[in-house]
Amino acid sequence: MAIDATATLYRVSKCGFFNEETGEAFGDLKELVPDFGAWLQDLHSVGETVTFEPSQDGESLRVFCLVLIQISGQDAFLFSTWNEVPSLEEGIQLLNVESAIGSAEVSGVAVNPRSLPGYPAYFVIMPSTGRLLNLRFEQRLNGTRGFARHIEGFLASASRYCVWDANDEARLVGYAKEGGVVAEGFDPAFRYVIARRPGQMQYFRSRALEVRKLHRKMIIHPIEVEHRPMFEAAQRFLGMEPNARLRAAIRFNYSYKTRISQDRMNSILEFGFGDGVPFEDGEDIGFTFAKEASKIHWVSGSYARSKVRINADRTPDGMVSLSSLADALAGGALERILDRTNGTS
């Protein structure tokens, strides 16, 4: 059956261990995938695939790996996660965390202590080209933040580069290249940036001197340290008392008149695509040009994103069949999706 999906293409900008002071690094995406696959083989259930424990102040809950499947005939892997949510919502599916990896048991009705409310997320990792494709079906969230935390958590706690104390197997000494000594000052990192359609990005650059107004849509997470200054400033501007208990994400939209230089346009366009936290769905930058006062040109139109249809099956409980999805991607769907998104790094 044909299933509608939103496909978004990303580029993995960092994957491995990095020393920010010296600029040195080791490990990469090509090594990550087989390393992660070998780790999965030693586990017995989905419930064991958690790679990080959420903090009490954090917004993200646990993330589980449902499956890692090589797409037949291609240097590409289907990676599916289950993202825990804090409460049961209408129509949400439930994952049995004791189900076998690759054969996840999902229920839309039964609720028991071993089941977790959440939603699935689907990714295609292409190690040789450093690309990451996200497929979002009927879910509102695409799971990219959880995926990044899951991968970084694996690098930090279960990858081949982890060195453990010989006298205390629970104590992590540090990280080292295979066969080497512990490298001081190195930390794990996994970052990705959204790919862009080059022609549309050039369009914005060519009209930099015509900009008369800048627009911004953003999502503020009050519990995240880097977001708090703006959130608290916005509260003050609105005459509100600071509220440290707010946890839910808040959407902010603002705009102001301005003129910018060519260099400033380049800087703005790179803002949402740099090596920091990438834009979330719903975030955007827009421009109003001279003599077009009623029109906003949004940068999201240049994202490598497209609506697609994939011939895949569903399980009896309504989840997209992972094996069927992998077969569809192997049968030409992956090339067609990449051609539709038409993204470049």
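Computed from a predicted model, the values in this text were never measured in an experiment.
Following chains of ILVMFWY side-chain contacts shorter than 4.5 Å, one cannot reach L141 starting from V63, and the two form parts of different hydrophobic clusters. Note on L43: it clusters hydrophobically with F36, by side-chain heavy-atom contacts below 4.5 Å among ILVMFWY residues. Hydrophobic cluster membership is shared by Y256 and M230, with clusters built from Ile, Leu, Val, Met, Phe, Trp and Tyr side chains linked at under 4.5 angstrom. Follow the hydrophobic side-chain contacts under 4.5 Å out from L66 and you never reach F52; the two are in separate clusters. Cluster membership check: F154 shares its hydrophobic cluster with F186, using side-chain heavy-atom separations under 4.5 Å among Ile, Leu, Val, Met, Phe, Trp and Tyr.
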Evaluate the criterion side chain to side chain contact (heavy atoms under 4.5 Å, CB included) for residue pair I310 and L325; output intermediate values, then yes/no. CA-CA 8 Å; I310 302 174; L325 178 57; 4.0 Å; yes
E210 vs K295, test: salt bridge (charged side-chain N to carboxylate O under 4.0 Å, His left out). Steps then yes/no. CA-CA 13 Å; E210 300 176 55; K295 186 173 183 179; over 6 Å; no
Run the side chain to side chain contact (heavy atoms under 4.5 Å, CB included) check on I101 and L68 step by step: do they pass? CA-CA 9 Å; I101 297 169; L68 176 66; over 6 Å; no
The test is side chain to side chain contact (heavy atoms under 4.5 Å, CB included); show your working for D75 and T129 and say whether it passes. CA-CA 9 Å; D75 179 35; T129 59; over 6 Å; no
T51 and W39: side chain to side chain contact (heavy atoms under 4.5 Å, CB included), yes or no, with the steps? CA-CA 11 Å; T51 62; W39 174 68; 3.7 Å; yes
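The backbone N or O of E98 lies less than 3.5 Å from no partner atom in the side chain of S45, so there is not a single donor-acceptor pair. A donor-acceptor pair is defined here as one N or O able to donate and one able to accept, closer than 3.5 Å; no such pair exists between the side chain of E152 and the backbone of A148. The main-chain N or O of Q74 is found under 3.5 Å from a side-chain atom of Q70 such that the two form a donor-acceptor pair. Between the side chain of S72 and the backbone N or O of A330, no donor-acceptor pair lies under 3.5 Å. Judged by distance alone, the side chain of S157 and the main-chain N or O of G153 form a donor-acceptor pair under 3.5 Å. Between the side chain of R336 and the backbone N or O of R309, at least one donor-acceptor pair lies under 3.5 Å. When atom types are taken as modelled, the side chain of S324 and the backbone of A312 share no donor-acceptor pair closer than 3.5 angstrom. N134 places a side-chain N or O within 3.5 Å of a backbone atom of Y122 that can act as its donor or acceptor partner. A donor-acceptor contact shorter than 3.5 Å links the side chain of Q262 to the backbone of R205. With hydrogens and angles ignored, the 3.5 Å screen pairs no side-chain donor or acceptor of D317 with any backbone N or O of M319.
Two residues are said to be in side-chain contact when any heavy atoms from C-beta on lie closer than 4.5 Å; F252 and I219 fail this criterion. For the pair L132 and F123, the minimum side-chain heavy-atom distance is below 4.5 Å. Contact check for L133 versus T8: no side-chain heavy atoms found under the 4.5 Å cut-off. Put simply, the side chain of Y203 reaches to within 4.5 Å of the side chain of H297, judged on heavy atoms. Put simply, the side chain of T315 does not reach to within 4.5 Å of the side chain of V106, judged on heavy atoms. Within the 4.5 Å cutoff, the side chain of Q202 has no heavy atoms near those of the F204 side chain. Residues S99 and V46 meet the side-chain proximity criterion, which asks for heavy atoms closer than 4.5 Å. Residues R62 and F64 form a side-chain contact, since some pair of their non-hydrogen atoms from C-beta on lies under 4.5 Å apart.
Within a 6.0 Å radius of CZ in R314, more than 12 heavy atoms belonging to other residues, nucleotides or ligands are found.
Contact record, V67 with L322: CG1-CD1, 3.5 Å, taken as the closest heavy-atom pair. A pairwise comparison of heavy atoms in S128 and K30 identifies CA-CE, 3.8 Å as the closest pair. Minimum interatomic distance between N83 and P120 (heavy atoms only, all atoms of both residues): ND2-C, 4.4 Å.
A salt bridge does not link D284 with K217: every distance from a Lys NZ or Arg NE/NH1/NH2 to an Asp or Glu carboxylate oxygen is 4.0 Å or more. Ionic pairing of R212 and E292 is not present here: no N-O contact between side-chain nitrogen and carboxylate oxygen is shorter than 4.0 angstrom.
Taking OH of Y119 as the start and CZ of R140 as the end, the distance is 8.5 Å to the nearest 0.5 Å. Atom SG of C65 sits about 4.5 Å away from atom CG of L40, to the nearest 0.5 Å. Distance check, rounded to the nearest 0.5 Å: CG of L9 to CZ of R340 gives 13.5 Å.
A donor-acceptor contact under 3.5 angstrom links the side chains of N142 and T144, judged on distance only. Defined by atom type and a distance below 3.5 Å, a donor-acceptor pair is missing between the side-chain atoms of S255 and N253. A donor-acceptor contact closer than 3.5 angstrom is absent between the side chains of T81 and H150. With hydrogens and angles left out, the side-chain atoms of T6 and K307 include a donor and acceptor closer than 3.5 Å.
The aromatic rings of F147 and F79 sit perpendicular, their planes meeting at an angle over 60°, well past the 30° parallel limit.
The cationic atom of R207 (NZ for Lys, CZ for Arg) lies less than 6.0 Å from the six-membered ring centre of F289 and within 45° of the ring axis.
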